[in-house]
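Residue numbers begin at 1 in each chain, while the letters A, B, ... track the order of the sequences.
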Amino acid sequence: MSLTVTQISKSFESAISSGPGAAANVLPALRGVSFEVQPGEIVAALGPSGCGKSTLLAIIAGLETPDEGDVLWQGKSLRSVPVHRRGFGLMFQDYALFPHLNVFENVAFGLRMTQPKGHNRLVTDTALASRVAEVLQLTGLAGFERRDVNTLSGGEQQRVALARSLAPRPRLLMLDEPLGALDRNLRQRLIGELRSILRHPGHDETPQTAIYVTHDLEEAFSLADRVVLMNAGQVEQIGAPQEVYCRPATRFVAQFLGLTNLLPGAVYGAGMERRVKTAVGEFPAPGCAATNVSVLLRPDSVALNQGRSRAQTHHLDGRLAACSFRGSTCQVEVVIQGQTLGFEFLANTSLPAVGEEVSLWFDPDQALQIIQG
Amino acid sequence: MRRAIGAGGRLAVWSAPLAFLGLFYFYPLASILALSFGRGERGWMELLFETLAAPATQRVVGFTIWQAGLSTLLTLAVGLPAAYLTARYRFRGKALLMALTAIPFVMPTLVVAAAFNALLGPRGWLNLGLMALLRVETPPIEFSGTLGAILLAHVFYNTTIVLRTVGDFWSRLDPRLEQAARVAGADRWQVLRRVTLPLLSPAIAAAALLVFLFDFTSFGVILILGGPRFATLEVEIYNQTVGLFNLPLAAVLSLIQLACTLALTIAYTRLAERISRPLSLRPQTYTQKPLTTWRARLAAGTILLLLSGLLLLPLAGLAARSVIRLEANRGESSFTPGLTLDFYRELTINRRGSLFYTPPATAIGISLAYAAATVGLSLSLGLPAAWALARQPQAALSRLFDPLLMLPLGTSAVTLGLGFIISLGRPPLDLRASPLLIPLAHTLVAFPFVVRSLTPALRSIRPRLRQAAAMAGASPRQILVKIDLPLIGRAVFVAATFAFTISLGEFGATALIARPEYPTLPVAIYRFLSRPGALNYGQAMALSAILMLVCAGGMLAIESLRGGQSEF
């Protein structure tokens with residue numbers, strides 16, 4: 001069981017200028033988006049708001065049709081399969097709970113609908129009631145059956161929405177910013193719960209295949225097996241969270257990950273002798289094909305003079321401009337040759353006073369990364 | 001927030017609508033009922049029981065309910081698909097369609113009967129065509145004097161009520177609820193049955209109640225299109241009052257009609273409390289999409305075809321009659337059938353030197369002035385009433401007054417008109433000379449529409465929004481102005497549209513109380529229709545066409561007013 005999205009493109013006509021006489025204002029929402037979801041895998045679609053994540057979900061769900069490209073399930077196109085026959089689940093951003101049904105009926109809704117062929121078919125009332133009880137138990141809502149959904153708190157509504165989308169055992173569950181509306185503490189707790197619910201959606205069941213849409217880095221990294229990073233309707237990078245964090249493919253990805261020490265660089269020389277020249281110095285760039293690049297200096301891979309190791313062979317001199325305590329770490333700003341760069345040290349590192357000179361030592365293989373564009 | 005205004009405040013909100021109903025509804029009604037029963041030889045209770053026990057009465061009541069129920073179902077069957085089309089899709093000419101569909105609502109019964117006869121009657125276009133086609137001597141379609149004619153006319157009149165009240169609500173229903181059901185495995189039919197219709201039910205119930213009451217008290221349609229075979233309560237009241245001058249019996253029948261209305265309205269109020277829920281309504285720009293798929297286009301085409309056949313064809317036939325000469329004028333020995341503008345030209349000439357001659361421009365002016373006054377009056381009375389109803393659905397005052405607001409709709413126009421004449425034409429309240437008398441009577445009819453259009457929208461505003469405003473320091477009055485009114489802006493325009501069209505088309509009460517030198521358009525049309533001859537008939541058609549234009553123009557003006565404002 002796997003989902004394949006191939007070369008999806010979609011544009012919308014702007015509603016405001018669609019009146020007679022106005023030129024059609026076409027807004028591209030997605031451009032050539034492709035990725036795969038393996039069975040039992042959680043893939044996070046990550047990107048800033050307006051990057052096309054929700055449109056992508058709507059297309060996979062069948063609520064929107066793509067202008068180009070296709071959505072395949074186990075290699076077969078879903079183009080002619082209507083929404084309700086796809087056997088997918090979608091948890092909406094603000095839940096879209098049915099206000100005229102109580103908690104039980106909201107969760108039972110999908111079970112009462114006719115299921116696609118070859119799918120678990122729940123006919124009897126007892127089977128239905130026991131499945132609803134099971135997902136309510138799973139989502140921590142046991143005892144909420146008769147409650148009016150309009151009286152629930154945000155966290156409770158979120159759980160009902162999750163229970164409703166899980167109940168029919170969807171082949172693929174899509175979650176659209178499911179924790180967006182909740183407070184930070186609740187969110188942190190629910191991330192953990194959500195992962196365990198998706199991993200173990202009931203006894204002797206296989207892990208849930210899921211697409212998780214979010215703009216929150218922490219959510220995506222802690223929940224997903226793989227991340228699809230999107231910007232302005234296009235895929236910037238696909239990979240495991242660690243891989244993406246350690247090797248951002250583009251300038252956008254680096255910035256989105258909070259890696260802001262990006263210095264424009266010019267590459268010169270030949271083959272293994274190639275070097276990159278930046279405002280703060282020159283570094284080796286063996287085998288780099290491009291000429292104009294960004295050099296990323298990772299904020300957590302530098303050391304102060306005293307604590308440096310043998311591998312840290314390069315250093316930069318600058319002035320400590322600011323220092324702020326963040327619990328386990330200290331964030332510092334260092335001005336080097338007129339450029340302000342940010343770094344992170346363990347909280348117990350002894351730092352010079354603000355305004356004094358510092359020397360930052362690093363290993364170019366660890367701390368430097370050359371990014372296209 | 002329910003505690004935000006005390007009992008005193010609630011009473012203050014209610015006072016204006018109540019004073020209005022007391023003075024212009026209950027006082028005239030009580031006066032005419034007292035007068036009627038005063039004439040009888042027996043006590044009114046005795047007469048009531050005797051009348052109720054009579055099989056003839058039971059037959060009339062039974063038929064009244066039967067035809068109203070059937071008409072309501074048919075109207076919903078036509079109106080709901082049309083409401084869906086206008087609510088969920090953007091397409092060219094929608095504003096025009098909305099304006100055109102409102103026209104039937106304002107057409108005087110006499111004109112509608114003439115329009116249907118011109119189309120489907122024994123000498124109508126359709127029968128003439130079929131007779132020529134099938135080479136038969138008798139008209140193949142029997143229309144006049146059938147139940148079908150009554151039902152068709154009721155659907156023609158009231159589809160716009162469903163289209164507007166349900167369509168407006170539908171257009172702001174969050175499409176994600178339907179999408180959630182689709183993803184959960186529901187097909188289109190299941191989504192409709194299990195999600196959309198239950199969520200729409202408050203608006204559908206409100207529209208159905210209005211349509212039912214209109215059909216229940218229907219008078220002109222039954223009398224003219226139905227013919228003598230059919231009698232509703234309203235027709236019987238008219239016969240007893242005007243024909244037989246049996247005022248006590250007419251009063252008893254009026255009471256029965258009122259009791260039915262009251263029972264129905266109370267049942268509706270209980271139902272509405274149970275089925276209305278807080279919904280997050282969305283702006284139309286979010287819920288509407290263009291017609292792109294062939295399936296949507298086909299459905300839209302079918303609905304539009306049905307609407308135009310049912311609503312626009314009779315109107316077009318009528319407009320055609322105003323520019324086509326089919327018979328000779330009186331005093332003419334020969335004539336040529338064909339296109340003519342004579343009927344319009346004649347309107348501006350006072351040939352017989354009549355004292356009460358009114359140029360068409362003056363009649364338009366009078367009608368528009370009355371309509372504007374009715375819009376102002378009914379909105380300023382209806383807003384506080386709807387607000388109070390929506391905010392405190394459980395409060396004792398609301399439970400009591402909600403059904404009372406609907407009573408004027410279910411009251412015999414004949415009874416009420418006579419009540420106006422005897423009670424408001426003498427001290428202490430002599431309004432005979434007041435230009436406000438007619439807008440007041442129109443407001444009585446428009447008021448329930450205004451309240452019914454506003455209440456569902458007000459009820460569906462999430463309490464959290466009001467709470468948020470209150471937390472930000474807004475007073476109850478500021479919440480009304482800053483939160484409630486902007487959120488229900490669309491419903492206010494729907495209400496205004498109803499008030500405008502009701503006033504423009506009202507004929508029954510206006511005919512009784514209008515001063516002869518200030519006729520409205522329907523009254524002027526009636527004058528031409530009541531005179532014999534092809535010229536007068538043609539002029540009535542011409543003036544009807546003008547009424548249609550005024551109505552469509554007014555609706556487009558109201559729509560464009562709304563268009564300038566942001567909706568949310």
Side-chain angles (χ1 to χ4, degrees), chain A residues 12-16 18-20 24 54 57-58 60-65 82-101 105-116 119 121-122 148-151 154 161 164-170 172-174 176, chain B residues 89-96 173-202 274-296 459-460 462-464 560 563 566-567:
Chain A
F12 288 107
E13 262 177 52
S14 163
I16 299 119
S18 67
S54 294
L57 281 200
I60 297 172
L63 296 166
E64 297 273 359
T65 44
V83 184
H84 64 288
R85 296 257 170 252
R86 294 195 178 190
F88 294 171
L90 174 56
M91 183 176 158
F92 284 78
Q93 188 167 0
D94 47 12
Y95 317 139
L97 297 179
F98 302 127
H100 59 300
L101 303 176
E105 287 300 326
N106 260 282
V107 176
F109 188 91
L111 299 170
R112 292 195 192 282
M113 299 299 119
T114 2
Q115 302 291 327
H119 207 73
R121 189 183 274 265
L122 289 162
D148 177 356
V149 293
N150 302 301
T151 64
R164 184 178 69 182
S165 50
L166 280 173
R169 297 190 173 89
L172 170 74
L173 176 63
M174 292 177 280
D176 190 357
Chain B
Y89 292 101
R90 275 190 294 272
F91 51 90
R92 209 178 284 256
K94 192 158 90 176
L96 184 67
L173 199 65
D174 193 341
R176 272 175 308 185
L177 292 169
E178 289 160 355
Q179 292 175 352
R182 291 279 285 156
V183 177
D187 60 32
R188 283 167 200 281
W189 170 242
Q190 285 170 318
V191 171
L192 185 71
R193 201 162 53 87
R194 288 177 175 271
V195 178
T196 315
L197 287 181
L199 292 175
L200 285 178
S201 56
R274 227 158 36 80
I275 60 182
S276 78
R277 282 170 203 89
L279 291 169
S280 51
L281 297 179
R282 314 284 293 187
Q284 286 179 342
T285 46
Y286 181 91
T287 63
Q288 296 186 337
K289 51 189 181 188
L291 284 165
T292 44
T293 62
W294 66 267
R295 188 204 284 264
R459 267 201 190 132
S460 58
R462 277 188 293 187
R464 212 168 287 174
S560 68
S566 75
E567 203 176 324

query = Can you name the residues that form a side-chain hydrogen bond (donor to acceptor under 3.5 Å, both in side chains) with E64(A), not counting sequence neighbours?
reply = none
query = At a heavy-atom separation under 4.5 Å, does F92(A) approach chain B through its side chain, its backbone, both, or neither?
reply = side chain
request  = Please look at L63(A) and chain B and tell me whether the side chain, the backbone, both or neither of the residue comes under 4.5 angstrom of a heavy atom of that chain.
outcome  = side chain
message = On a heavy-atom basis, which atom in K94(B) and which in Y89(B) lie closest, and how many Å separate them?
response = NZ-O, 2.8 Å
query = Between R85(A) and V83(A), is any pair of side-chain heavy atoms under 4.5 Å apart?
reply = no
ask   = Would Q93(A) and S54(A) count as having a side-chain donor-acceptor pair, cut-off 3.5 Å?
value = no
remark   = Pair count under 4.5 Å, heavy atoms only, with chain B: among T65(A), D148(A), D94(A), highest is D94(A)
